[in-house]
2 protein chains.
Amino acid sequence: MAEIHPEHSHIIEQTKANMPSEEILVKTAEFFKVVGDPTRIRILAALSEGEMCVCCLCDLLEMTQSAVSHQLSVLKAARLIKNRREGKQIYYSLDDAHVGAILCTGISHVEEG
Amino acid sequence: MAEIHPEHSHIIEQTKANMPSEEILVKTAEFFKVVGDPTRIRILAALSEGEMCVCCLCDLLEMTQSAVSHQLSVLKAARLIKNRREGKQIYYSLDDAHVGAILCTGISHVEEG
DNA sequence: TGAACATATGAACAAGTATTCATATGTTTT
DNA sequence: AAAACATATGAATACTTGTTCATATGTTCA
């Protein structure tokens, strides 16, 4: 660990004071981490178009039912998606419009850059 | 892999057609993944307050110089930050305002939720 | 030129994670 | 009630990744 330069300590303290709390930063990192996986972002992109049952997602993503279910549970635990049962099938959808908006922001950032 | 229900194939095809390309989705996931780490998001939050040299970041984050440098190189490779040299020190800053905006979006999402 | 300083980087290790396989749960149909 | 279907879930494995340690690079100062 480097030494603290006296002339820097002011900047450090000021920055510390203005930054969001450690708790908020950690939670935000967790949020981005959940979105930062190709399978999960494909699921979210699909659900942006409307609710969909698990088997549809499997067909669409060309992935195992088990793999899809595992990722759905991660997304649900993070409250990014919700589900409802209709007969034998379970339909998933984005938890709120906010999620879709953040997704769009990321996508357009990539498209521009 | 589940069987394809004929009555679902229409929804699947339509969703596929409306979704962003595989390439875009993968790149977007990579972008979110980079932001989705506590150390890196702390660095970004600090740099949101203004440019800062590596040793300041080490003091602020209370982390090893090596660990900080490694994460800085990840952030730079993803074009989220840039740097300039001034004498012996190297100052890092956000690559553009867009990055700070996305960070804020994520933070406020967490603060609300 | 050599010493001191600031930062970068390669290798190694520990910890985390996405998928697979096997199986369990819950629903409908016969 | 049993069979068929849709989804969930635990364990195991292969892969990824963040940090540490040691060292290299590049700059300034004496």
Side-chain angles (χ1 to χ4, degrees), chain A residues 1-8 11-12 25-26 29-44 47 51-78 81-93, chain B residues 1-8 11-12 25-26 29-44 47 51-78 81-93:
Chain A
M1 190 120 47
E3 295 291 311
I4 301 182
H5 290 213
E7 70 270 27
H8 284 160
I11 293 179
I12 293 174
L25 289 176
V26 168
E30 276 166 9
F31 167 71
F32 281 127
K33 187 180 188 178
V34 170
V35 186
D37 171 81
T39 297
R40 289 192 291 266
I41 214 166
R42 287 168 77 211
I43 291 175
L44 292 176
L47 298 183
E51 71 171 7
M52 203 172 284
C53 63
V54 179
C55 64
C56 273
L57 284 168
C58 295
D59 294 334
L60 178 58
L61 307 180
E62 298 181 71
M63 286 183 60
T64 299
Q65 179 267 316
S66 181
V68 171
S69 263
H70 276 295
Q71 297 307 333
L72 286 170
S73 81
V74 172
L75 288 167
K76 199 187 172 194
I81 60 176
K82 60 189 175 188
N83 58 12
R84 71 180 178 86
R85 178 181 280 275
E86 186 173 313
K88 279 183 287 191
Q89 308 190 19
I90 295 184
Y91 285 84
Y92 280 87
S93 57
Chain B
M1 189 119 50
E3 294 292 311
I4 300 181
H5 290 213
E7 70 268 29
H8 284 160
I11 293 179
I12 293 174
L25 289 176
V26 168
E30 275 165 10
F31 166 72
F32 281 127
K33 187 178 188 179
V34 170
V35 186
D37 171 81
T39 296
R40 289 192 290 266
I41 214 166
R42 288 168 77 213
I43 291 176
L44 293 176
L47 298 183
E51 70 170 7
M52 202 172 286
C53 64
V54 179
C55 63
C56 273
L57 284 168
C58 295
D59 294 334
L60 177 59
L61 307 180
E62 299 180 71
M63 285 183 62
T64 299
Q65 177 267 318
S66 181
V68 172
S69 263
H70 275 296
Q71 298 307 333
L72 285 171
S73 80
V74 172
L75 287 167
K76 199 186 173 198
I81 61 177
K82 60 189 175 189
N83 59 11
R84 70 180 180 87
R85 179 182 281 275
E86 186 173 313
K88 279 184 286 194
Q89 308 188 17
I90 294 184
Y91 286 84
Y92 280 88
S93 57

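We name chains A, B, ... by the order of the sequence lines, and we start the count at 1 in each one.
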- Between A:Ser66 and B:Val54, which has a closest nucleotide on DNA chain C that is more 5'?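 Nearest nucleotide further toward 5': that of B:Val54.
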Gap separating the [atom1] atom of [X] from the [atom2] atom of [Y], nearest 0.5 angstrom:
X	Y	atom1	atom2	answer
B:Cys55	B:Lys88	SG	NZ	10.5 Å
A:Leu60	B:His8	CG	NE2	12.5 Å
B:Asp37	B:Ile43	CG	CD1	8.5 Å
A:Lys82	A:Lys76	NZ	NZ	11.5 Å

Hey, are the side chains of [X] and [Y] touching, using non-hydrogen atoms and a 4.5 Å cut-off?
X	Y	value
B:Leu72	B:Leu57	yes
B:Met63	B:Gln71	no
A:Thr39	A:Val68	no

Roughly how many Å is it from [atom1] in [X] to [atom2] in [N], rounded to a whole number?
X	N	atom1	atom2	answer
B:Asp59	C:dT7	CG	C1'	14 Å
B:Glu62	D:dT19	CD	C1'	16 Å
B:Leu57	D:dT19	CG	P	14 Å
B:Ile43	C:dT7	CD1	P	13 Å
A:Met63	D:dT7	CE	P	15 Å
A:Leu72	D:dA8	CG	C1'	10 Å
B:Leu75	C:dT7	CG	P	16 Å
A:His8	C:dC5	NE2	C1'	13 Å

- Which ones in residues 33-42 of chain A lie close to DNA chain C, meaning a heavy atom under 4.0 Å from one of its atoms?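 Within this stretch, A:Lys33, A:Asp37, A:Thr39, A:Arg40 sit under 4.0 Å of the strand.
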- In residues 82-92 of chain B, which ones come under 4.0 Å of DNA chain C, going by heavy atoms?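 B:Lys88, B:Gln89, B:Ile90, B:Tyr92, in order of number.
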- Query: Can you tell me if B:Arg42 uses its side chain to pair, donor with acceptor, with the backbone of B:Leu44 under 3.5 Å?
  - Reply: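 Looks like no, no N/O pair under 3.5 Å.
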- Message: Once hydrogens and angles are ignored, does a donor-acceptor distance under 3.5 Å link the base of D:dA8 to the side chain of A:Gln65?
- Response: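 Side chain to base: pair found, below 3.5 Å.
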- Task: Measure across B:Pro38 and A:Ala29 and return the closest heavy-atom pair with its distance rounded to 0.1 Å.
- Result: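 Shortest heavy-atom separation between B:Pro38 and A:Ala29 comes out as N-CB, 3.6 Å.
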- Item | Face-to-face contact A:His70 to C:dT19 six-ring, under 5.5 Å, under 30° |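 No, A:His70 does not stack on the base of C:dT19.
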